[in-house]
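Below, each value reflects all heavy atoms present in this structure, side chains not excepted, and no hydrogens, waters or symmetry copies.
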Amino acid sequence: MFSRWFPLVLAALAAVLAAAALAPAAAGKAKRPVRMNDIQVIGTHNSYHREITEPEQDAYDDLIDTPGDYDQFLAYSHARLPDQFARQRARGIELDLFPDPQGGLYAHPLVRTDLDLGPLADPAWTQPGIKVLHIVDFDYKTTCVALTECLRQVKAWSDANPRHVPLAILLELKGADRRALELGGTAVPAWDGPALDGLDAEIRSVFGPDDLITPDAVRRHGLTLEQTVRRHGWPALRESRGKVVFLLDNDLGPISDAYLAGRPNLEGRVLFTNSAPGRADAAFLKRNDPLGANTAQIQALVRQGYLVRTRSDVPLETVLADDRTMLDAALASGAQVISTDFPEVGMSARYDSSFVAALPRGGPARCNPVRAPRGCRDRKLE
């Protein structure tokens with residue numbers, strides 16, 4: 001009798017084993033890994049910026065013949081970069097860069113000359129290397145003068161906290177200020193090919209290959225950089241923790257053209273260019289204004305796989321109005337990096353405002369509201 005049912009028992013057992021074999025694959029497909037573009041973080045804007053003294057502010061206003069200009073647009077200061085990461089839980093920063101191949105080019109600002117204050121005291125101003133400041137001759141106080149100094153601060157904090165989500169470092173490559181030039185101010189060297197090669201070299205002098213998320217590390221064989229991020233996504237978060245990614249803030253133009261020359265997919269480069277959909281290098285896009293129809297546009301770009309940066313406030317208009325509209329739109333947009341000048345409670349109190357840009361439940365990162373996979377949990381991101 002048993003022999004009669006034996007074939008049926010074997011068939012049933014085979015079906016059970018087959019289902020068990022398929023189950024992990026199905027579950028794996030449903031719960032894809034969290035990727036570095038599946039999260040959202042708060043970053044800081046002009047992250048190095050400190051206010052110059054009141055006499056210098058007055059001299060600035062006099063030189064540009066615009067009373068109150070400094071108070072209206074530039075009167076904010078940031079903590080040191082490691083404190084932004086540790087205490088304010090920022091996971092993105094922005095640095096404005098100026099080439100200084102011989103050293104000393106920016107040590108004698110017009111504002112200080114006008115006040116007979118002498119050169120800037122920090123000896124780093126006289127040494128060769130890229131400098132970090134806001135506006136040549138006018139707004140120059142910074143928490144770290146040399147780019148390599150800023151990056152060493154980032155590297156030290158990163159090494160001490162190796163499980164952090166990727167730190168986004170946005171770089172704006174700047175030139176001379178027209179108003180300063182008209183007053184006899186500093187002529188800034190061009191960001192040409194050699195200067196851009198020097199920028200990559202300075203970054204690599206601080207961060208090793210294992211510290212960096214580069215275009216070469218993201219791009220897949222036989223595909224453009226854009227095809228890679230749209231078809232396969234950015235690297236998994238588990239492979240990206242403890243690393244940094246460098247992003248070029250400048251819009252498409254001469255600087256990005258020089259950076260891409262002979263390298264349409266950013267081959268061998270460190271930075272991801274701020275590009276446009278349809279281009280081979282398009283992986284990172286800057287969309288500073290998240291308001292109105294821009295919210296849906298950013299959401300569409302995020303869903304397609306691009307890494308997007310937007311802003312939550314504009315100094316000092318947003319804070320003076322105590323207005324959260326731009327912040328709420330930025331959060332809803334799904335942009336992975338949201339930049340602010342007010343990342344901590346109390347920073348806006350001097351303006352009789354309670355504005356602060358933070359993720360809804362706090363923390364250094366949250367699952368992206370537009371594209372996070374099922375199973376993503378904020379508390380497990382970092």
Side-chain angles (χ1 to χ4, degrees), residues 43-53 56 60 73-74 76-85 88 90 92-112 119-158 167-177 180 185-191 195-207 212 244-250 255 259 270-271 274 309 315 337 339-341 343:
T44 52
H45 167 250
N46 291 345
S47 311
Y48 56 87
H49 188 261
R50 288 281 175 88
E51 296 159 70
I52 55 179
T53 65
E56 288 170 300
Y60 163 87
F73 297 109
L74 303 174
Y76 60 91
S77 293
H78 281 296
R80 292 175 65 253
L81 299 179
D83 290 329
Q84 292 181 41
F85 299 136
Q88 299 173 356
I93 59 172
E94 180 193 12
L95 305 175
D96 292 337
L97 307 185
F98 295 82
D100 190 9
Q102 305 303 320
L105 193 57
Y106 313 111
H108 300 267
L110 279 176
V111 164
R112 293 183 65 85
L120 293 165
D122 192 324
W125 289 107
T126 66
Q127 298 167 3
I130 296 168
K131 300 301 188 293
V132 177
L133 66 151
H134 191 220
I135 307 174
V136 169
D137 284 305
F138 288 148
D139 193 32
Y140 38 80
K141 195 167 185 181
T142 172
T143 61
C144 45
V145 174
L147 171 61
T148 51
E149 177 191 356
C150 299
L151 297 184
R152 281 193 291 268
Q153 293 180 13
V154 176
K155 178 73 160 61
W157 185 87
S158 177
L167 301 178
I169 303 179
L170 192 69
L171 303 179
E172 182 174 359
L173 313 188
K174 287 189 165 183
D177 184 273
T186 306
V188 177
W191 284 105
L196 294 168
D197 291 343
L199 170 59
D200 278 1
E202 287 202 22
I203 294 171
R204 292 189 188 277
S205 75
V206 177
F207 293 101
L212 295 168
V244 295
V245 57
F246 283 88
L247 310 171
L248 181 64
D249 180 82
N250 300 69
I255 291 177
Y259 196 70
V270 175
L271 279 68
N274 168 27
R309 179 260 196 170
V337 182
S339 294
T340 180
D341 286 300

Worksheet item: Given the rule in the side chain to side chain contact (heavy atoms under 4.5 Å, CB included) test, do W157 and L167 qualify, once you have shown the distances and angles that lead to the verdict?
Response: CA-CA 11 Å; W157 185 87; L167 301 178; 4.2 Å; yes
Practice prompt. Check the pair Y259 / D200 against side chain to side chain donor-acceptor pair (under 3.5 Å), numbers first and verdict last.
Written response: CA-CA 10 Å; Y259 196 70; D200 278 1; 2.7 Å; yes
Discussion item. Please check: side-chain N/O of D137 versus main-chain N/O of A180, any donor-acceptor pairing under 3.5 Å?
Written reply: no
Discussion item. Any salt bridge linking R309 with E94? Criterion: basic side-chain nitrogen under 4.0 Å from a carboxylate oxygen.
Written reply: yes
Worksheet entry | Under 3.5 Å: donor-acceptor pair, side chain of R80, backbone of T143 | no
Response to the item:
All heavy atoms of L120 vs all of P109, minimum pair found to be CD1-CG, 3.8 Å
Fill in: Aromatic centroids of Y106 and Y140 separated by under 6.0 Å
no
Worksheet item: So which of I93, I203, V270 actually passes side chain to side chain contact (heavy atoms under 4.5 Å, CB included) with L171?
Response: I203
Item to complete: Over all heavy atoms of both residues, which pair between D100 and K131 is shortest? Give the atoms and the distance, please.
Response: OD2-NZ, 2.9 Å
Worksheet entry | Sub-4.5 Å side-chain heavy-atom contact between Y76 and H45 | yes
Worksheet item: Is there side-chain contact between L74 and P315, with heavy atoms separated by less than 4.5 Å?
Response: no
Worksheet item: Hey, does the side chain of T186 reach the backbone of V188 with a donor-acceptor pair shorter than 3.5 angstrom?
Response: no
Worksheet item: Just by modelled atom types, is the K174 backbone N or O under 3.5 Å from a matching donor or acceptor in the W191 side chain?
Response: yes
Worksheet item: For A168 and L247, which heavy atoms make the closest approach, and how far apart are they?
Response: CB-CD1, 4.1 Å
Practice prompt. Write down the atom of L105, the atom of P189, and the distance for their closest heavy-atom approach.
Written response: CD2-CD, 3.4 Å
Discussion item. Does L151 form a side chain to side chain contact (heavy atoms under 4.5 Å, CB included) with K155? I'd like the steps, not just the answer.
Written reply: CA-CA 6 Å; L151 297 184; K155 178 73 160 61; over 6 Å; no
Item to complete: Ignoring hydrogens and angles, tell me if any N or O in the side chain of S205 forms a donor-acceptor pair with the backbone of E202 under 3.5 Å.
Response: yes
Worksheet item: How long is the span from the CZ atom in F98 to the CD atom in E172, to the nearest 0.5 Å?
Response: 8.0 Å
Worksheet entry | Backbone of S47 reached by a side-chain donor or acceptor of Q84 within 3.5 Å | yes
Worksheet item: At their closest point, which heavy atom of L248 faces which heavy atom of N274, and how far apart are they?
Response: O-CB, 3.1 Å
Item to complete: Could you go through the side chain to side chain contact (heavy atoms under 4.5 Å, CB included) check for L199 and L173 one step at a time?
Response: CA-CA 10 Å; L199 170 59; L173 313 188; 3.9 Å; yes
Worksheet, complete the sentence: Minimal heavy-atom distance between V132 and W125, with the atoms involved, is O-CH2, 4.4 Å
Worksheet item: Yes or no on side chain to side chain contact (heavy atoms under 4.5 Å, CB included) for Y60 and L110, after CA distance, side-chain angles and deciding distance?
Response: CA-CA 9 Å; Y60 163 87; L110 279 176; over 6 Å; no
Worksheet item: Do H49 and H134 have ring centres separated by under 6.0 Å?
Response: yes
Worksheet item: When you check the gap from the basic side-chain N to the acidic O, do E51 and K141 get nearer than 4.0 Å?
Response: no
Fill in: Positive for side chain to side chain contact (heavy atoms under 4.5 Å, CB included) with L97, one of L133, L147, D249
L147
